Amino acid sequence: MPDNMLMDEMGIARAISRIAHEIVERNKGTDELVLIGIRTCGVHLANRLAVKIKEIEKTDVPVGILDITLYRDDRLTRKGHPEVRKTEIPFELSEKIVVLVDDVLYTGRTIRAAMDELMDFGRPAMIKVAVLIDRGHRELPIKADYVGKNVPTTKTAKVKVMLTEEGFDDKVILKEEQQ
Amino acid sequence: MELNRKDLLEIKELSGEEILSILNTAESFKEVTGRDIKKVPTLRGKTVVNLFFEPSTRTRTSFELAAKRLSADVINFSVATSSVTKGETLLDTARNIEAMRSDYIVIRHPASGAPHILAKNLKSSVINAGDGAHEHPTQALLDMFTIKEKKGRIAGLKIAIIGDIAHSRVARSNIYGLTRLGAEVRLVGPPALIPPEVEGPGISVFYNMEDALMDVDVIMVLRLQLERQGKNYFPSLREYAGLYSLTPERVKSAKEDVMIMHPGPINRGIEIAPDVADGMSSVILEQVTNGIAVRMAVLYLLSGAGERVT
């Protein structure tokens with residue numbers, strides 16, 4: 001595995017499998033469980049988790065899609081406008097155990113925005129966070145409940161999660177920016 | 001594709017990509033308007049001023065709801081209650097409003113070009129909500145959105161626009177937008193109400209309803225501006241209705257899955273028969289619903305223009 005590769009195809013598959021088992025174990029099954037993927041990579045990971053959970057428990061867990069663009073805290077200070085895409089949550093969230101799924105946990109601001117948006121859809125019994133990579137440098141009091149891999153990084157580094165759904169081979173790469 | 005503009009003044013100056021970018025963004029906002037809590041925090045702290053020098057219910061309410069669903073604050077100025085009646089000029093009124101730290105000014109004015117004057121002189125984003133007989137860009141955008149939503153595309157569709165083309169800002173904006181997106185536009189109405197300068201690529205003119213409606217995918221009926229009656233554009237309302245009213249009989253010339261549109265307000269029994277306005281093919285009320293999503297998209301896409309970070 002090259003130096004800058006944090007995870008390869010097998011690594012991602014094992015992480016998904018372990019997280020799926022952990023979710024099922026901690027919730028004692030899949031009752032009231034829903035997965036919400038944050039666009040774009042979080043959605044793919046949520047779908048993979050749902051497939052894995054079905055293998056384990058033989059039950060279908062609903063998967064929703066969250067686009068947090070309209071809830072960002074930097075939308076008016078950034079140059080230009082991030083593209084707004086649809087949020088698709090075609091089921092009730094009230095009293096559900098929601099697992100928010102994203103690829104990389106960094107400052108925590110995406111999760112903050114995602115939680116605000118979820119609250120506008122209903123009142124979940126609980127919100128948990130699952131991520132493939134936790135790279136540290138939190139700016140808000142937010143932590144992940146399920147983590148594929150903890151990776152210490154510098155603030156200038158970039159973590160890229162590449163998935164087959166987006167036309168790549170599955171892998172996670174760490175890029176140090178030359179300053 | 002970015003909409004890198006401070007203002008939305010006319011469809012004429014927009015590229016096809018810019019129009020499509022607004023329509024695609026509006027699709028996402030339509031999902032927001034279907035939620036239980038129809039509100040997102042995107043424009044929190046921003047102020048939208050509706051400055052209306054002409055009567056309007058639909059457009060003003062639609063802009064107001066769009067702004068409120070984005071969490072902006074909204075103020076409505078209507079001329080009857082403002083200092084304009086004391087002789088203040090348009091630009092002075094607008095400068096005073098901007099001095100109250102507005103971020104957007106939505107203006108409707110009887111004079112063509114009034115929004116352009118504000119846009120040149122103000123830091124606020126200016127949105128044209130209808131200027132004289134010139135343009136009404138957000139109406140055309142919501143019309144195009146509704147067509148694209150129902151038909152899946154705009155390119156290649158045959159679209160008839162019926163009525164007073166000469167005085168209609170809705171028609172003008174739609175003609176620019178629809179032809180830019182590759183539709184075939186047919187204009188039909190009394191000769192005195194079709195301006196000669198409209199002819200161009202993708203546009204054809206008819207004076208006979210049956211010919212114009214043959215095999216069309218979309219029929220857009222314009223409001224007959226009754227206030228212009230008696231100015232010799234057409235002999236009488238009765239004659240106009242006889243020749244150009246959209247009746248169930250005439251709709252039969254069009255394709256079976258034709259959709260029928262009207263920007264409102266409707267003169268029932270004059271430009272459109274009640275049975276047609278209320279019929280299965282009519283999307284008149286959906287146009288109104290879609291107007292909110294389209295105006296949310298416009299407010300969102302103009303919001304960061306010129307790096308006005310406040």
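As the structure is a computational prediction, the values presented were derived from the model and not from experiment. Values below: all heavy atoms of this structure, side chains included; hydrogens, waters and symmetry mates excluded. Quick note on labels: first sequence line is chain A, next is B, and so on, each numbered from 1.
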Problem - Separation of B:M296 CE from A:L70 CG (nearest 0.5 Å) - result: 7.5 Å
Handout entry: Greatest number of heavy atom pairs closer than 4.5 Å to chain A - which of B:N24, B:L70, B:I37
Key = B:I37
Handout entry: Residue B:R101 excluded, over 12 heavy atoms near CZ under 6.0 Å
Key = no
Exercise for the section: Determine which residues belonging to residues 118-130 of chain A lie within contact range of chain B, meaning some heavy atom pair is under 4.5 Å apart, and list them by number or answer 'none'. Expected result: A:D120, A:F121
Handout entry: Any pair counted as salt bridge (charged side-chain N to carboxylate O under 4.0 Å, His left out), so long as it reaches residues 58-70 of chain B, sequence neighbours left out
Key = B:R60-B:E64, B:E64-B:K68
Handout entry: A:E25 atom CD: more than 12 heavy-atom contacts under 6.0 Å
Key = no
Problem - B:K38 atom NZ, over 12 foreign heavy atoms within 6.0 Å - result: yes
Exercise for the section: Count the heavy atoms belonging to other residues, nucleotides or ligands that lie under 6.0 Å from CD of A:E165, then report whether that count exceeds 12. Expected result: yes
Problem - Evaluation steps, side chain to side chain contact (heavy atoms under 4.5 Å, CB included), between A:T87 and B:R35 - result: CA-CA 10 Å; A:T87 286; B:R35 296 181 188 175; 3.4 Å; yes
Considering only distance and modelled atom types, tabulate donor-acceptor pairs under 3.5 Å from the side chains of residues 96-108 of chain A, sequence neighbours left out.
unit_1: A:K96; atom_1: NZ; unit_2: A:E32; atom_2: OE1; d: 3.3
unit_1: A:Y106; atom_1: OH; unit_2: A:K155; atom_2: O; d: 3.3
unit_1: A:T107; atom_1: OG1; unit_2: A:R109; atom_2: N; d: 3.2

Problem - Part of A:E117 lying under 4.5 Å from any heavy atom of chain B - result: side chain
Exercise for the section: Provide the full list of ring pair (Phe, Tyr, Trp, His ring centres under 6.0 Å) pairs with a residue in residues 20-47 of chain B, sequence neighbours left out, each pair given once. Expected result: B:F29-B:Y300
Practice task
Take B:E27 and A:K86, measure what side chain to side chain contact (heavy atoms under 4.5 Å, CB included) needs, and give me the verdict at the end.
Solution key: CA-CA 8 Å; B:E27 235 175 271; A:K86 264 185 229 167; 3.7 Å; yes
Completion exercise
Residues A:Y71 and B:K39: closest non-hydrogen pair is OH-O, 3.5 Å
Problem - A:D169 atom CG: more than 12 heavy-atom contacts under 6.0 Å - result: no
Practice task
Decide if atom NZ of B:K151 counts as having more than 12 heavy atoms of other residues, nucleotides or ligands within a radius under 6.0 Å.
Solution key: yes
